[in-house]
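Structure, as structure tokens:
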Amino acid sequence: MRITILAVGKVKEKFYTQAVGEYVKRLSRYCRLDIIEVADEKTPDGASEAAVRRIKEKEGERLLSHVSDGMHVVALAIDGKMRSSEELSGHLSGLGLYGNSHIAFVIGGSLGLSDGVITRADEALSFSRMTFPHQLMRVILLEQLYRSFKIQAGEPYHK
């Protein structure tokens, strides 16, 4: 299986970079993993609704430029479907069985994802109703992907 993570912005803090590196290493045993970062737009204080929409659209265009026809696109969104770790594992396994061997997870910037990204996505996934920094979300996603592959393989992993 091939997994692509499309994310707005770079991981800057060393502790996040180290965590991402560790999960990338662990996941290499189970899948081909690519992480693609696109530039984020600066959001001025007190930005109007129109300015926020334009910023999200610019970031969305950058994300969508890396989406190919064969990808199953999963947008990470607060209002997406929530799944347990076991359900996520089973869902990913099912996608692979039905020919979706390339799955792209999309993480928006501080303002979220554009309507264009949400429309293109095949599904939306939520990890919580809470908002997380996009850098931390990348670590959480990688950990859950690793956990999913461990569950699929019937290998032990802490609960």
Kindly compute the distance separating [atom1] ([X]) from [atom2] ([Y]), expressed to the nearest 0.5 Å.
| X | Y | atom1 | atom2 | answer |
| --- | --- | --- | --- | --- |
| I107 | L136 | CD1 | CG | 10.0 Å |
| L27 | M1 | CG | CE | 12.0 Å |
| R29 | E155 | CZ | CD | 4.5 Å |
| L142 | M137 | CG | CE | 9.5 Å |
| N100 | M71 | CG | CE | 12.0 Å |
| I151 | S84 | CD1 | OG | 7.5 Å |

State which residues pass side chain to side chain contact (heavy atoms under 4.5 Å, CB included) with [X]; sequence neighbours excluded, sorted by chain then number.
| X | value |
| --- | --- |
| S48 | A50, A51 |
| E22 | K25, R26 |
| S101 | none |
| E61 | none |

Indicate, with yes or no, if [Y] and [X] share a hydrophobic cluster defined by side-chain heavy-atom contacts under 4.5 Å among Ile, Leu, Val, Met, Phe, Trp and Tyr.
| X | Y | answer |
| --- | --- | --- |
| M82 | F132 | no |
| I36 | V106 | yes |
| L125 | L92 | yes |
| L88 | I103 | yes |
| I3 | V74 | yes |

What are the two closest non-hydrogen atoms of [X] and [Y], and how far apart are they?
| X | Y | value |
| --- | --- | --- |
| K42 | I55 | O-CD1, 3.7 Å |
| I118 | A75 | CD1-CB, 4.0 Å |
| L141 | F127 | CD1-CZ, 3.9 Å |
| I78 | S126 | O-OG, 3.0 Å |

Got a sec, which residues hit side-chain hydrogen bond (donor to acceptor under 3.5 Å, both in side chains) with [X], two or more places apart in sequence or on another chain?
| X | result |
| --- | --- |
| S85 | Q144 |
| D122 | R120 |
| R129 | none |
| E123 | H72, H91 |

Q: Please check if the side chain of Q135 supplies one atom and the backbone of V11 the other of a donor-acceptor pair under 3.5 Å.
A: no
Q) Is the backbone of A39 close enough, under 3.5 Å, to the side chain of R62 for a donor and an acceptor to pair up by distance? A) yes
Less than 4.5 Å apart, any side-chain heavy atom of [X] and any of [Y]?
| X | Y | result |
| --- | --- | --- |
| Y23 | L145 | no |
| E37 | R138 | yes |
| V8 | H134 | no |

Without placing hydrogens or testing angles, list every side-chain donor-acceptor pair under 3.5 Å for residues 108-116, not counting sequence neighbours.
residue: S114; atom: OG; partner: G116; partner atom: N; Å: 3.4
residue: S114; atom: OG; partner: V117; partner atom: N; Å: 3.2

Q) Could you walk me through whether I35 and V20 pass the side-chain contact (heavy atoms from CB on, under 4.5 Å) check? A) CA-CA 10 Å; I35 299 176; V20 166; 4.0 Å; yes
Q) After noting the C-alpha distance and the side-chain angles of V38 and E59, does the key distance pass the side-chain contact (heavy atoms from CB on, under 4.5 Å) rule? A) CA-CA 7 Å; V38 301; E59 291 174 346; 5.5 Å; no
Q) Taking only residues at least two apart or on different chains, which pairs with a member in residues 45-56 satisfy salt bridge (Lys or Arg N to Asp or Glu O under 4.0 Å)? A) none
**Q.** Where at least one partner belongs to residues 102-114, residue pairs that pass salt bridge (Lys or Arg N to Asp or Glu O under 4.0 Å), sequence neighbours excluded
**A.** none
Q: Step through the shown structure and confirm whether more than 12 heavy atoms of other residues, nucleotides or ligands are within 6.0 Å of NZ on K58.
A: no
Q: Scan for ring pair (Phe, Tyr, Trp, His ring centres under 6.0 Å) pairs involving residues 28-48, sequence neighbours excluded, and state none if there are none.
A: Y30-F149
